[in-house]
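Everything below concerns the one structure shown next.
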Amino acid sequence: MSLLPRPEIRRVTTCQHGGIDYAELETLGIAPQDILDFSTNLNPFGPPPGVMESLSEVDVSHYPDSEAYYLRCSLAENLGVKACNLLVGSGSTELIRLVALAYFVPGDKVLIIEPTFGEYQVACQITGASLIKQQLSAQNGFWLDLTQTVELVRSSYPKGIFVCNPNNPTGRYLSRADFEKILDAGKDSMVILDEAYVSFVDNAWSSLDMIEGSNLLILRSMTKDYAMAGLRLGYGVAQEEIITNLRRICPPWNVNALAQKAGLIAIGKEGYLKQCQIELREARNYLVAKLSELGLAPLPSEANFFLVEVGDAPRFRRELLKRMILVRDCSSFGLHHYIRIAPRTLPECQKLITAIKEIRGR
């Protein structure tokens, strides 16, 4: 008789993500380097100058700093918080699982607002937490019904609340005032504010001053901001007690030496990130205009990605893939008629529009 895992583990579902499926490309006879990937919400302009060169200086024969001390100190100075308020992770996904493992037990209620990042549900399933779901509606552009959210929090007393802001895949961005209402209603809950894409929002508000005296954990992603997804690098910001609890269960050496070095270099390149934001905005505006001309107007979004209703999303994705272009089929979010597009450079966006015109016979 085979040995069975915990019942919670047997119920864990697989979370689909954007990005290249290398086995799929192998089957299709397509080389990964030939793909234009619009399916991942990353900075398309590559890492900042100096990052790649710095990696050759890393001595990989030694263990990395298990505390990521220098990176945390640099982040703390950059953000205006204390190093003790920071935990660096192997991508923000690791931190999502750490907070679930640290704070949720079987039977705990956790609120998730869908459609959203699927790893929240996976983390809850691993711990056996019970999910409470608020469903956003396409009829109002996937905008959050804040009154319903607050009522759910006050009536169900969840142990945890996940808020993705801007939300993935909808791109909707809550105001500070709206988030404060959720935080106030959930003052006895662990509130996880996932700001993985906040660097790409125009006129974003700062949440960092909210951590003191609250059960708030803010998550950020450096791999998306600085195009370093292959290195996996994110961080969490919270009051010291929460960070201490997460550190207790964090694996040693969880952030490799290459990622730590790249992070240190990238932090000093804010000018590069701002320039990328300007060019990305130009490419985004181009796509919105051209797609609208084709009768495929994107849904409103404040992020560096947006949803497009295309009918049969899996088929639309397959047709683009035949043309070496990858977009995100949003069926795994329950949005079978939508794709998600994250703009790339302007010339690459022009290739995407050309391919879509071919598909639609224009």
Side-chain angles (χ1 to χ4, degrees), residues 76 79-87 89 92 95-114 116-117 119-121 123-136 143-168 170 172-198 201 204-220 234-250:
L79 298 172
V81 300
K82 298 176 183 178
C84 62
N85 295 127
L86 284 160
L87 179 64
S92 55
L95 301 175
I96 291 169
R97 297 197 179 190
L98 285 179
V99 70
L101 288 169
Y103 286 95
F104 306 154
V105 299
D108 279 346
K109 298 175 182 177
V110 178
L111 175 62
I112 296 176
I113 303 164
E114 292 189 329
T116 196
F117 187 43
E119 288 295 339
Y120 308 148
Q121 175 167 309
C124 291
Q125 289 174 334
I126 290 171
T127 64
S130 175
L131 295 175
I132 302 168
K133 296 185 178 183
Q134 179 183 1
Q135 197 67 40
L136 304 179
W143 192 246
L144 179 66
D145 183 338
L146 185 63
T147 300
Q148 183 185 39
T149 308
V150 172
E151 288 176 354
L152 273 172
V153 173
R154 289 176 175 165
S155 63
S156 59
Y157 303 102
K159 184 70 174 292
I161 303 170
F162 282 96
V163 179
C164 189
N165 199 40
N167 187 41
N168 173 24
T170 66
R172 288 299 201 174
Y173 185 61
L174 287 175
S175 68
R176 180 184 174 104
D178 284 349
F179 178 72
E180 284 178 333
K181 292 176 183 177
I182 298 174
L183 188 62
D184 180 64
K187 57 182 177 295
D188 296 321
S189 308
M190 172 57 65
V191 180
I192 302 97
L193 177 62
D194 187 347
E195 294 187 330
Y197 305 104
V198 74
V201 174
W205 52 270
S206 175
S207 57
L208 295 173
D209 63 314
M210 296 180 175
I211 62 172
E212 290 303 325
S214 71
N215 297 321
L216 173 64
L217 172 65
I218 301 165
L219 301 180
R220 302 263 180 93
Y235 61 90
V237 190
Q239 61 170 301
E240 185 176 359
E241 180 183 356
I242 293 173
I243 295 299
T244 298
N245 290 333
L246 298 182
R247 195 179 300 282
R248 285 193 177 105
I249 60 170
C250 183

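In this chain, residues are counted from 1 in sequence order.
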I need the single residue from I242, L217, I218 that forms a side-chain contact (heavy atoms from CB on, under 4.5 Å) with I211. Which is it? I218
Between D194 and Y120, is any pair of side-chain heavy atoms under 4.5 Å apart? yes
Do E240 and K82 touch side chain to side chain, with heavy atoms closer than 4.5 Å? no
What are the two closest heavy atoms between K109 and S156, and how far apart are they? CD-O, 3.4 Å
Rounded to the nearest 0.5 Å, what separates atom CD in E114 from atom CG in N167? 10.0 Å
In terms of the angle between their ring planes, are Y173 and W205 parallel, tilted or perpendicular, with boundaries placed at 30° and 60°? tilted
L87 versus L95: any side-chain heavy-atom pair under 4.5 Å? yes
So, do R220 and L208 sit near enough that their side-chain heavy atoms are less than 4.5 Å apart? yes
Is there side-chain contact between L174 and V163, with heavy atoms separated by less than 4.5 Å? yes
Find out whether K159 and C124 are in side-chain contact, i.e. whether some heavy atom of one side chain is under 4.5 Å from a heavy atom of the other. no
Which heavy atom of T127 sits nearest a heavy atom of A100, and at what distance? CG2-O, 3.4 Å
Distance from E119 atom CD to F162 atom CZ, nearest 0.5 Å? 10.0 Å
Can you name the one residue among I243, N245, T244 that meets side-chain contact (heavy atoms from CB on, under 4.5 Å) with E241? N245
Only residue of L144, L193, N165, L111 satisfying side-chain contact (heavy atoms from CB on, under 4.5 Å) with I182 is L144
Audit row: N85, E212, side chain to side chain contact (heavy atoms under 4.5 Å, CB included) steps and yes/no: CA-CA 10 Å; N85 295 127; E212 290 303 325; 3.7 Å; yes
What pair of heavy atoms forms the shortest contact from S214 to Q239, and how long is it? O-NE2, 2.6 Å
Measure across A185 and R154 and return the closest heavy-atom pair with its distance rounded to 0.1 Å. CB-NE, 4.0 Å
From N168 atom CG to T116 atom OG1, the distance as rounded to the nearest 0.5 Å: 6.5 Å
Tightest non-hydrogen contact, residues G186 and I161, listed as CA-CD1, 4.0 Å
Under 3.5 Å: donor-acceptor pair, side chain of S189, backbone of P158: yes
Consider only side-chain N and O atoms of Y103 and N215, and report whether a donor and an acceptor are under 3.5 Å apart. no
Pairs meeting criterion salt bridge (Lys or Arg N to Asp or Glu O under 4.0 Å) with involvement of residues 173-184, two or more places apart: R176-E180, R176-D209
